[in-house]
**Q** 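Sharing a structure below in structure tokens format, with a few things to ask.
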Protein chains: 2
Amino acid sequence: MNNLYCNNFYYNKDVLTFAFDMNNTRFATVIHILTLLARSPGQWLSSDWIAGSIHINPVIVRKELGILQERGWVTSRKGKEGGSMLDVPSDQITLADIYQVVKNANILGKKNLDPNPKCPVGKDINDELDSLFLEMDRLIGTSLQQKTLQDFVKQFD
Amino acid sequence: MNNLYCNNFYYNKDVLTFAFDMNNTRFATVIHILTLLARSPGQWLSSDWIAGSIHINPVIVRKELGILQERGWVTSRKGKEGGSMLDVPSDQITLADIYQVVKNANILGKKNLDPNPKCPVGKDINDELDSLFLEMDRLIGTSLQQKTLQDFVKQFD
DNA sequence: TAATTTGTAACAACTTATATTACATTTATG
DNA sequence: CATAAATGTAATATAAGTTGTTACAAATTA
């Protein structure tokens, strides 16, 4: 080996995950919930019933509904005849908004945590990846911003 | 509940993951490997040395190098003074090509496996999500196609 | 022949996602 | 007022996926 600038630096086992990720069904779950709510304006839909449509556990639905409440999109009501209802017109919610609610990772994946600072590539690669990941994220965001929940819901007529 | 079209269908525990995903560092790892190779044309770089720059285990590097060999981009040589070398000019490899090598999931995540076919939303939502996911994927692909490995490598001068 | 490197399998450790159980709290209604 | 039905939430279990690690055969150079 003649390029020795990476010497005196060896990997260890302290490589941790960099960030949360998109390895989940949350986008699919949340847009499904919102679609059902949007199709039944003024009605209290129960988490059990919603869960039956998505085919997942009702507790997961209630967790997502909690996040949608915080976001100001949904009101829930406890007790008999309780449930959840959409508070915002579906043309006021874009798919970019939904993406932001569930997004917690980069489109192209995660970065390695500790590239070698003594290597010209390792030293700067995470900055370059940050820049690339951000560009891709903005591309998706701009496109999803053109699509509203109402557009999505209309497809099920 | 007055919308009963989802009755007689309850979730069970057979919900499996839909596909592999992007919950990993493979894009970052592979572009790091290719960048190092591109910066040392005609030299045999060992997996240990490459791993030292990325700060990961050399076995992971060798696994990725195997995939890059299959793709026709890299030649490796066993034995003393062995290593790996880039076979293709770096302006002939686009970031879209690299994305394809490591991609095995949708940008917006996974779909729920078994939405309720008795519900108008559940029945069609995976088709609609497929369509949306594909559109987002093409958007990213088109953008990454404009960027070559050479462009990326130049950033480290 | 010795040293070095790839190729690869097998397994371990760690992380995350989702499901499940349980129960307190709230609310409508007979 | 009692009952039924629903949310909110914590705690735990199950399952899957990612990365690290160990080990060693095979290849190659000097």
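So that the names make sense, note that chain A is the first sequence line, chain B the second, and so on, each numbered from 1. No hydrogens, no waters, no symmetry mates; every other heavy atom, side chains included, goes into these values. Because the structure is predicted, anything quoted here is derived from the model rather than measured.
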**Q** Reading DNA chain C from 5' onward, which residue's closest nucleotide shows up sooner: B/Gly79 or A/Val59?
**A**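 Result: B/Gly79.
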**Q** Give the nucleotide from the list C/dT18, D/dG20, C/dT6 with an atom nearest to the side chain of B/Ser76.
**A**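 That would be C/dT6.
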**Q** Do any side-chain nitrogens or oxygens of A/Thr25 fall under 4.0 Å of OP1 or OP2 in C/dT18?
**A**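 For C/dT18, OP1 or OP2 has a side-chain N or O of A/Thr25 closer than 4.0 Å.
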**Q** Salt bridge check: are B/Lys147 and A/Glu135 linked by an N-O gap of less than 4.0 Å?
**A**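 A salt bridge is present here (some side-chain N lies under 4.0 Å from a carboxylate O).
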**Q** In this structure, how many angstroms lie between the C1' atom of D/dA6 and the CD1 atom of A/Ile50, rounded?
**A**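 For the pair A/Ile50 CD1 and D/dA6 C1', the rounded distance is 12 Å.
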**Q** Counting any heavy atom closer than 4.0 Å, what does A/Gly66 reach on the DNA or RNA strands: base, sugar-phosphate only, or nothing?
**A**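 Counting heavy atoms under 4.0 Å across all strands, no contact is made by A/Gly66.
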**Q** Mind calculating the distance between CD (A/Gln43) and C1' (D/dA6) to the nearest angstrom?
**A**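 It works out to 16 Å between those atoms.
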**Q** Do you see a donor-acceptor pair shorter than 3.5 Å between the side chains of A/Thr75 and A/Asp87?
**A**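 A/Asp87 and A/Thr75 do have a side-chain donor-acceptor pair below 3.5 Å.
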**Q** Tell me the interatomic distance from B/Lys63, atom NZ, to D/dG17, atom P, rounded to whole angstroms.
**A**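 So the NZ-P distance, B/Lys63 to D/dG17, works out to 15 Å.
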**Q** Which residues satisfy the side chain to side chain donor-acceptor pair (under 3.5 Å) test with A/Ser76, sequence neighbours excluded?
**A**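 For A/Ser76 the side chain to side chain donor-acceptor pair (under 3.5 Å) partners, ignoring immediate neighbours, are A/Gln69, A/Ser84.
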**Q** Atom CH2 of B/Trp44 and atom P of D/dA27: how far apart are they, to the nearest Å?
**A**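 One finds 16 Å between P of D/dA27 and CH2 of B/Trp44, rounded.
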**Q** Find the distance A/Glu64:CD to D/dT9:C1' and express it as a whole number of Å.
**A**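 Distance, rounded to whole Å: 14 Å.
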**Q** Taking OP1 and OP2 of C/dT6, is either one under 4.0 Å from a side-chain nitrogen or oxygen of B/Ser47?
**A**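 Indeed, a polar side-chain atom of B/Ser47 lies that close.
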**Q** In terms of side-chain heavy atoms of A/Ser46, which of C/dA19, D/dT7, C/dT6 is nearest?
**A**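 It is D/dT7.
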**Q** Considering just the side-chain nitrogens and oxygens of A/Asn57, establish if one lies under 4.0 Å of OP1 or OP2 belonging to C/dT20.
**A**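 So the side-chain polar atoms of A/Asn57 do come within 4.0 Å of the phosphate oxygens OP1 or OP2 of C/dT20, strictly under.
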**Q** Please give, in whole Å, the distance from D/dC24 C1' to B/Arg62 CZ?
**A**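 Interatomic distance, CZ of B/Arg62 to C1' of D/dC24: 11 Å.
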**Q** Please determine, for the side chain of B/Gln69, which listed nucleotide (D/dA11, C/dT26, C/dG7) has the closest atom?
**A**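 Closest nucleotide among those given: C/dG7.
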**Q** Under 4.5 Å between any side-chain heavy atoms of B/Ile33 and B/Leu65, yes or no?
**A**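 Of all side-chain heavy-atom pairs linking B/Leu65 with B/Ile33, at least one is under 4.5 Å.
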**Q** Classify the nucleic acid contact of B/Ser84 as base, sugar-phosphate or nothing, counting any heavy atom under 4.0 Å across all strands shown.
**A**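 Counting heavy atoms under 4.0 Å across all strands, no contact is made by B/Ser84.
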**Q** Tell me: NE2 of B/His32 to P of D/dT19, nearest whole Å?
**A**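 After rounding, the gap between these two atoms is 15 Å.
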**Q** Tell me: NZ of B/Lys78 to C1' of D/dC24, nearest whole Å?
**A**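 It is 12 Å, rounded to the nearest whole Å.
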**Q** Nearest to the side chain of B/Ile60, heavy atoms from C-beta on, is which of D/dT19, D/dA6, C/dT20?
**A**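 So the nucleotide nearest the side chain must be D/dT19.
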**Q** Report the nucleotide, chosen from D/dA11, D/dT19, C/dA3, that has the shortest atom-to-atom distance to any side-chain atom of B/Arg26.
**A**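 Output: D/dT19.
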**Q** Rounded to the nearest 0.5 Å, how far apart are SG of B/Cys119 and CG of A/Leu36?
**A**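 Here the rounded value is 5.5 Å.
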